[in-house]
Amino acid sequence: METPRPLSERARQVQPSPTLALTARAQEMRRQGIDVLSFTAGEPDFDTPDFAKAGALEAIHAGYTKYTPTPGILPLREAICEKLWEENHLRYTPDQIIVSCGAKHSIFCVLMALLDPGDEVIIPTPCWVSYPEQVRLMDAVPVFVPADEQTDFLPDYDAMRRAITARTKAIILNTPCNPTGAVFPRQKLKEIASLVLSHNLWIVADEIYEKLTYDGHTHESIGALGKEVFAHTITINGMSKSYAMTGWRIGYMAGPTEVARAVNRLQDQMTSNACSIAQYASLSALQDKSDWHERVRRAYDRRRQIIVDGLNAIPGISCWRPRGAFYVYANVAGLLGTCANGKTLETSADVAEYLLERARVAVVPGEGFCAPGYIRLSYATADAIIEQGIARIAEAVHQLEGL
Ligand SMILES: *Cc1c(COP(=O)(O)O)cnc(C)c1O
């Protein structure tokens with residue numbers, strides 16, 4: 001029988017998400033009865049709050065279960081505008097908001113609206129796994145600007161400036177940052193804004209972790225720095241991380257009308273509207289004025305201290321104290337070159353593999369975030385699991401030869 005013609009170059013080149021792959025592997029081990037502690041998940045461990053669920057139940061009973069306008073129901077877009085004004089000092093109108101099936105989908109649509117083949121996009125690293133892959137899916141080119149804990153994981157101004165070429169179209173900014181927990185202070189945002197304005201670029205500002213900052217660090221939206229920057233900024237946000245609503249798949253973009261219209265046209269042909277029921281749940285969530293966020297933030301903050309102090313007490317591991325989000329990005333350079341059962345740990349991927357096999361602890365190696373030499377652990381998990389995980393990692397590390 002003749003084999004059908006090959007799949008697209010695009011389908012063959014796209015990389016699987018290492019985070020999702022490791023989460024799946026840990027789940028598989030657990031299914032086999034192996035007691036694995038997983039620190040891979042990129043989602044809150046809290047339940048979706050009742051005030052959000054109530055909106056969904058009402059929508060189901062009221063029969064709001066049909067298509068909505070592609071950009072989302074008007075009351076939701078109005079509530080998003082109100083939130084963006086009150087919390088972020090960004091003045092958008094509902095026609096500048098497009099609700100999509102998660103912020104990941106919003107970013108995809110925005111990149112599709114902005115990029116032509118060969119365009120370059122500047123991405124500070126360590127970065128979220130999907131940015132480079134999504135840029136590549138547009139046949140565009142990710143250009144990385146690395147940073148490390150010496151500069152609080154903030155990209156250097158001159159390095160960013162040197163990365164700009166005639167083909168540069170946009171900079172992707174993620175603050176608070178997944179995986180590092182960096183929070184970009186106003187001075188750094190101003191530097192980026194000045195580069196964007198002097199080279200007439202776009203900023204795609206992914207602010208999905210905005211509610212989670214610690215130690216007095218606060219989130220600021222780059223689009224709020226001034227009218228000019230605002231006109232160059234596309235703000236991305238969503239319900240997943242701030243309201244523990246990852247499964248509901250609601251994210252949104254807010255940006256200049258021209259961009260919103262383009263995203264609307266693309267989404268018309270791709271998915272139409274995001275789930276109607278989830279939109280009503282999001283509307284209820286945005287209307288809530290309780291202290292839910294603060295209680296959740298405090299719980300993360302407590303876990304952050306446990307995991308950072310625990311990891312820093314282990315020889316060979318050094319962990320920068322994150323200022324936002326719910327991840328630590330721990331430096332494991334001190335473990336490289338050590339041996340386990342005659343096998344040398346040469347990369348952070350080897351370290352993650354060793355921890356999974358020996359400690360039954362799942363972590364994501366830095367390779368996936370374009371910054372090897374580190375491992376990412378999510379602390380969106382119970383205090384007791386964090387304590388147990390740290391103990392297991394410590395025990396496994398003590399068994400390494402040549403430390
Ligand atoms: C989780 C995450 C998203 C996407 O979230 P959705 O569930 O698609 O809304 C976007 N950006 C970063 C940095 C994330 O960690």
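Read the numbers this way: they start at 1 and go in the same order the structure lists the ligands and their atoms.
Side-chain N/O atoms of K83 and N88 include a donor and acceptor closer than 3.5 Å. Of the N and O atoms on the side chains of S100 and Q267, at least one donor lies less than 3.5 Å from an acceptor on the other residue. When only modelled atom types and interatomic distance are considered, D268 and T70 share a side-chain donor-acceptor pair under 3.5 Å.
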What donor-acceptor contacts under 3.5 angstrom involve side-chain atoms of residues 55-69, with partners at least two apart or in another chain?
residue, atom, partner, partner atom, Å
T68, OG1, Q279, NE2, 3.1

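Y92 and F230 have their aromatic ring centers within a separation under 6.0 angstrom. Ring-centre distance between Y379 and F39: not below the 6.0 Å cut-off.
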Note down each nitrogen or oxygen pair, ligand 1 side and protein side, whose separation is under 3.5 Å; give only atom names and the distance to 0.1 Å.
residue, atom, partner, partner atom, Å
ligand 1, 7 (O), S240, OG, 2.6
ligand 1, 7 (O), R249, NH1, 2.7
ligand 1, 8 (O), A103, N, 3.1
ligand 1, 8 (O), K104, N, 2.9
ligand 1, 8 (O), R249, NH2, 2.8
ligand 1, 9 (O), A103, N, 2.6
ligand 1, 9 (O), S240, OG, 3.2
ligand 1, 11 (N), D206, OD2, 2.6
ligand 1, 15 (O), N178, ND2, 2.8
ligand 1, 15 (O), Y209, OH, 2.6
ligand 1, 15 (O), K241, NZ, 3.0

